[in-house]
Amino acid sequence: MKYILYKGTICDLTVFLDEGIIKKINFGRETEGAAMNDDPEIGIEVINALDGYFSGLLKEITLPIEPDGTDFQKTVWDKLMEIPYGEIKTYSQVANEIGRPGSARAIGSACNKNPIPLIIPCHRVMGSDGKLTGYAGGIELKKALLEIEKKYS
């Protein structure tokens, strides 16, 4: 596993790759003992995509990803990838869309386990009461991401 450190305007990220495929993104700069990425082409591609997202120039990050998770989690994450830039859905809406009405809590749990935030946009999901709920990077970061998307959508 290799890593790329990203210094962003609203947060720092550590992007973990295996053979050029993103496996995980962590908030902050913890490398977890992985080796630094030594492929400058991949590094530039990742940095440019993240810069594009945070500046509002890139609405969808299409870098190759391969998240590890259960079949249910992967189903939820695939559905989250369909939420358009600048839009928000509730956990209940996502549950209904995958054919699992009443499983809003399970959707929330899958969002919580999302190993590739930003690219799998779990920040675009909120509670049915309209409140922002948990986010690995913190509620303030979730709010900031939604504000970026609102500004540029």
Side-chain angles (χ1 to χ4, degrees), residues 1-89 91 94-95 97-98 100 103 105-126 132-153:
M1 187 90 73
K2 305 282 180 140
Y3 72 87
I4 296 169
L5 294 175
Y6 176 77
K7 176 79 171 144
T9 55
I10 63 171
C11 68
D12 293 342
L13 302 170
T14 305
V15 180
F16 294 90
L17 309 107
D18 188 16
E19 302 294 322
I21 298 170
I22 295 174
K23 300 292 284 179
K24 182 166 69 165
I25 296 177
N26 285 352
F27 296 103
R29 300 175 71 79
E30 175 56 50
T31 61
E32 298 180 10
M36 182 178 279
N37 174 61
D38 54 5
D39 185 333
E41 195 172 306
I42 290 172
I44 290 168
E45 187 178 8
V46 169
I47 299 298
N48 286 343
L50 292 170
D51 281 346
Y53 171 79
F54 285 111
S55 68
L57 298 174
L58 187 62
K59 307 295 189 248
E60 180 181 3
I61 299 174
T62 58
L63 298 169
I65 64 170
E66 192 175 277
D68 290 327
T70 66
D71 289 342
F72 175 77
Q73 289 168 337
K74 290 177 182 179
T75 297
V76 172
W77 299 335
D78 287 345
K79 185 53 71 175
L80 299 182
M81 300 277 294
E82 295 174 14
I83 302 173
Y85 182 93
E87 292 188 21
I88 297 170
K89 296 214 172 180
Y91 297 103
V94 174
E97 289 177 9
I98 66 165
R100 300 278 302 265
S103 64
R105 284 182 185 248
I107 301 301
S109 178
C111 287
N112 183 335
K113 301 279 192 256
N114 175 9
I116 310 176
L118 295 180
I119 298 175
I120 300 174
C122 56
H123 62 278
R124 296 181 189 150
V125 185
M126 67 172 48
L132 297 182
T133 56
Y135 188 63
I139 295 296
E140 289 304 312
L141 179 57
K142 184 172 186 171
K143 184 177 177 182
L145 294 172
L146 293 172
E147 286 173 1
I148 287 171
E149 292 188 10
K150 182 179 178 183
K151 178 179 178 181
Y152 294 111
S153 56

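- A distance of 10.5 Å separates CG of Leu132 from CG of Leu145, quoted to the nearest 0.5 Å.
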Passes side chain to side chain contact (heavy atoms under 4.5 Å, CB included), Tyr6 versus Asp51? Steps please.
CA-CA 9 Å; Tyr6 176 77; Asp51 281 346; 2.6 Å; yes
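- Remark: Ser55 engages Leu57 in a side chain to side chain contact (heavy atoms under 4.5 Å, CB included) (not counting sequence neighbours).
- Using a 4.5 Å heavy-atom cutoff, the side chains of Tyr85 and Pro121 are not in contact.
- To the nearest 0.5 Å, atom CD of residue Glu140 and atom CD of residue Glu147 are 8.5 Å apart.
- No donor-acceptor pair closer than 3.5 Å links the side chain of Glu87 to the backbone N or O of Pro84.
- Scanning both residues, Val76 and Ile107, for their nearest heavy atoms gives CG2-CD1, 3.5 Å.
- Minimum heavy-atom separation, Phe72 to Ala110: CE2-CB, 4.3 Å.
- Note that OG1 of Thr14 and CG of Leu5 are 5.0 Å apart. Values are rounded to the nearest 0.5 Å.
- Atom CD1 of Ile116 is separated from atom CG of Leu80 by 12.0 Å, given to the nearest 0.5 angstrom.
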Quick one, Trp77 with Cys122, criterion side chain to side chain contact (heavy atoms under 4.5 Å, CB included). Give me CA distance, side-chain angles, the key distance, then yes/no.
CA-CA 8 Å; Trp77 299 335; Cys122 56; over 6 Å; no
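- The CG atom of Asp12 sits 11.5 Å away from atom CZ of Phe27, with the distance rounded to the nearest 0.5 Å.
- Of all heavy-atom pairs spanning Ile42 and Gly20, the tightest one is CD1-CA, 3.5 Å.
- The heavy-atom pair separating Val125 from Lys142 by the smallest distance is O-NZ, 2.6 Å.
- Taking both residues in full, the closest heavy atoms of Met1 and Ala34 are given as O-CB, 3.6 Å, listed atom of the first, atom of the second, then distance.
- Residues Lys79 and Glu82 are paired through a salt bridge, judged by an N-O separation under 4.0 Å between the basic side chain and the carboxylate.
- Between atom CD1 of residue Ile61 and atom CE of residue Met81 there is a gap of 9.0 Å, rounded to the nearest 0.5 Å.
- A heavy-atom distance below 4.5 Å is found between the side chains of Glu45 and Leu63.
- Closest approach of Ile65 to Pro67, counting heavy atoms only: C-CD, 4.0 Å.
- At least one side-chain heavy atom of Leu141 sits less than 4.5 Å from a side-chain heavy atom of Tyr135.
- Judged by distance alone, with hydrogens and angles left aside, the side-chain atoms of Thr133 form no donor-acceptor pair with the main-chain N or O of Met126 at under 3.5 Å.
- Here the side chains of Asp39 and Leu17 are not in contact, with every heavy-atom distance at 4.5 Å or above.
- Salt-bridge annotation for Lys2 and Asp18: absent, with no side-chain N of the basic residue lying under 4.0 Å from a carboxylate O of the acidic one.
- Contact of the Tyr3 side chain with the Leu13 side chain is not registered, since no non-hydrogen atoms from C-beta on lie closer than 4.5 Å.
- In this structure, Lys23 fails the cation-pi test against Phe16, since its NZ or CZ atom is not both closer than 6.0 Å to the six-membered ring centre and inside 45 degrees of the ring normal.
- A salt bridge between Lys59 and Glu149 is absent, with no side-chain N of the basic residue lying under 4.0 Å from a carboxylate O of the acidic one.
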Can you check side chain to side chain contact (heavy atoms under 4.5 Å, CB included) on Ile148 and Ile10, steps first, answer last?
CA-CA 10 Å; Ile148 287 171; Ile10 63 171; 3.7 Å; yes
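- With hydrogens and angles left out, the side-chain atoms of Glu32 and Asn26 include a donor and acceptor closer than 3.5 Å.
- Side-chain contact check for Tyr53 versus Leu118: some heavy-atom pair is nearer than 4.5 Å.
- Judged purely by atom type and a 3.5 angstrom limit, Thr70 uses its side chain to pair as donor or acceptor with the backbone of Gln73.
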